[in-house]
**Q** 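Attaching a single structure in structure tokens format; questions to follow.
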Amino acid sequence: MPRVQLIDADGQNRGDVSINDALLAAEEAGLDLVEISPNATPPVVKILDLGKLKYANQKKAAEARKNQKVIEIKEIKMRPNIDDHDYEVKMRAVRRFFEEGDKVKLTLRFRGREMAHMELGMQLLNKVREETATIAKVEAEPKLEGRQMMMVLAPR
């Protein structure tokens, strides 16, 4: 006859009993017999309301989900010959994204003859990197893909 460690509805340890006695005790209490730790010797079972247990676990999981932050990747698009004020506006957005805990993907698009001056794009991305050095780290170094140069920054 298999034996189990029984904990009753009040949390009292009833000790080592046969599984049939445990089932009878649970039925008397009008509750369920739930295996708490199957790997123990003997296995530990507890008399409790399974519906309540499931509900409590659901609530706990929902609470945990509510508190977690989904990290998004926000994209900022620029051109290599961006004007100072436009640049400042974009940088304000970048800082706000970092404060919200999001990553930022900077995309520089080269059009037409701008392709001949890639170094301007590189200088711009390096300027962004230096300005955000205290609040962000570079996750993906600037790299060229076709007519675009990209860099990914993540908040520190």
**Q** With rounding to the nearest 0.5 Å, note down the distance linking CE in M151 to CG in L153.
**A**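 Between M151 CE and L153 CG, I get 4.5 Å after rounding to 0.5 Å.
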**Q** Could you go step by step and tell me if V45 and V34 meet the side chain to side chain contact (heavy atoms under 4.5 Å, CB included) rule?
**A** CA-CA 5 Å; V45 294; V34 180; over 6 Å; no
**Q** Please give me the minimum heavy-atom distance between A22 and V4, naming the atom from each residue.
**A**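 Reported closest heavy-atom pair: CB-CG2, 4.0 Å.
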**Q** Hey, is the main chain of Q12 close enough, under 3.5 Å, to the side chain of D10 for a donor-acceptor pair?
**A** no
**Q** Once you round to the nearest 0.5 Å, how far does NZ of K77 lie from CE of M150?
**A** 10.0 Å
**Q** Do L108 and L144 belong to the same hydrophobic cluster, where Ile, Leu, Val, Met, Phe, Trp and Tyr are linked whenever their side-chain heavy atoms lie under 4.5 Å apart, directly or via other members?
**A** yes
**Q** Look at the side chain of R3 and the backbone N and O of D16, then say whether any donor-acceptor pair between them is shorter than 3.5 Å.
**A**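 Judged by distance alone, yes, a pair lies under 3.5 Å.
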**Q** Less than 4.5 Å apart, any side-chain heavy atom of V104 and any of V152?
**A** no
**Q** Check this for me: does any side-chain nitrogen of one of E131 and R129 sit under 4.0 Å from a carboxylate oxygen of the other?
**A** no
**Q** Looking at K60 and E63, does any basic side-chain N land under 4.0 Å from a carboxylate oxygen?
**A** no
**Q** Under the criterion side-chain contact (heavy atoms from CB on, under 4.5 Å), which of N13, V17, I19, D21 is the partner of L6?
**A**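 Only one of N13, V17, I19, D21 forms a side-chain contact (heavy atoms from CB on, under 4.5 Å) with L6, namely V17.
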**Q** Rounded to the nearest 0.5 Å, how far does CD of E27 lie from CG of D32?
**A** 10.5 Å
**Q** Could you tell me whether the side chain of D8 and the main chain of G11 form a donor-acceptor pair under 3.5 Å?
**A**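 Judged by distance alone, yes, a pair lies under 3.5 Å.
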**Q** Go through I7 and V44 one step at a time and tell me if the side chain to side chain contact (heavy atoms under 4.5 Å, CB included) criterion holds.
**A** CA-CA 8 Å; I7 297 169; V44 178; 3.7 Å; yes
**Q** To the nearest 0.5 Å, tell me how far M149 CE sits from F110 CZ.
**A** 4.0 Å
**Q** Could you walk me through whether T107 and E75 pass the side chain to side chain donor-acceptor pair (under 3.5 Å) check?
**A** CA-CA 7 Å; T107 306; E75 186 173 23; 2.6 Å; yes
**Q** Which pair of non-hydrogen atoms, one from G146 and one from M115, has the smallest distance, and what is that distance?
**A**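 That closest heavy-atom pairing would be O-CE, 3.8 Å.
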**Q** State the CZ-NE2 distance between R113 and H117, to the nearest 0.5 angstrom.
**A**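 If we round to the nearest 0.5 Å, R113:CZ and H117:NE2 are 9.0 Å apart.
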**Q** Could you state the interatomic distance from CZ (F98) to NZ (K74), rounded to the nearest 0.5 Å?
**A** 12.5 Å
**Q** Looking at every non-hydrogen atom in both residues, tell me the closest pair between R14 and A25 and how far apart they are.
**A** NH1-CB, 3.9 Å
**Q** Against the six-membered ring of Y87, is K127 placed for a cation-pi contact (under 6.0 Å from the centre, within 45° of the normal)?
**A** yes
**Q** Determine whether L125 and L106 satisfy the following criterion, side chain to side chain contact (heavy atoms under 4.5 Å, CB included), listing intermediate values before the conclusion.
**A** CA-CA 8 Å; L125 288 179; L106 284 155; 4.1 Å; yes
**Q** Out of curiosity, does F97 fall in the hydrophobic cluster containing I135 (side-chain heavy atoms, cut-off under 4.5 Å, transitive links)?
**A** yes
**Q** Find out whether L48 and L31 are in side-chain contact, i.e. whether some heavy atom of one side chain is under 4.5 Å from a heavy atom of the other.
**A**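 They are not in side-chain contact.
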**Q** Could you tell me whether E145 and K143 have a side-chain N and a carboxylate O separated by less than 4.0 Å?
**A** yes
**Q** Taking the side chain as every heavy atom from C-beta outward, state whether D102 and I73 have any atom pair closer than 4.5 Å.
**A** no
**Q** Considering only heavy atoms from C-beta outward, does the side chain of K103 approach that of I71 to under 4.5 Å?
**A** yes
**Q** List the atom of T134, the atom of R156, and the distance in Å for their closest heavy-atom pair.
**A** O-CD, 3.6 Å
**Q** R95 and E100: salt bridge (charged side-chain N to carboxylate O under 4.0 Å, His left out), yes or no, with the steps?
**A** CA-CA 9 Å; R95 287 191 196 92; E100 291 166 10; over 6 Å; no
**Q** Do L50 and I47 sit in one hydrophobic cluster, given that two such residues count as connected whenever their side-chain heavy atoms are within less than 4.5 Å of each other, even indirectly?
**A**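 Unlinked, L50 and I47 end up in two clusters.
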**Q** Start with the C-alpha gap between T132 and M91, add the side-chain angles, then the distance that decides, and say whether side chain to side chain contact (heavy atoms under 4.5 Å, CB included) holds.
**A** CA-CA 9 Å; T132 60; M91 287 311 289; 3.6 Å; yes
**Q** Please tell me if the side chains of R109 and R147 come closer than 4.5 Å, counting only heavy atoms from C-beta onward.
**A** no
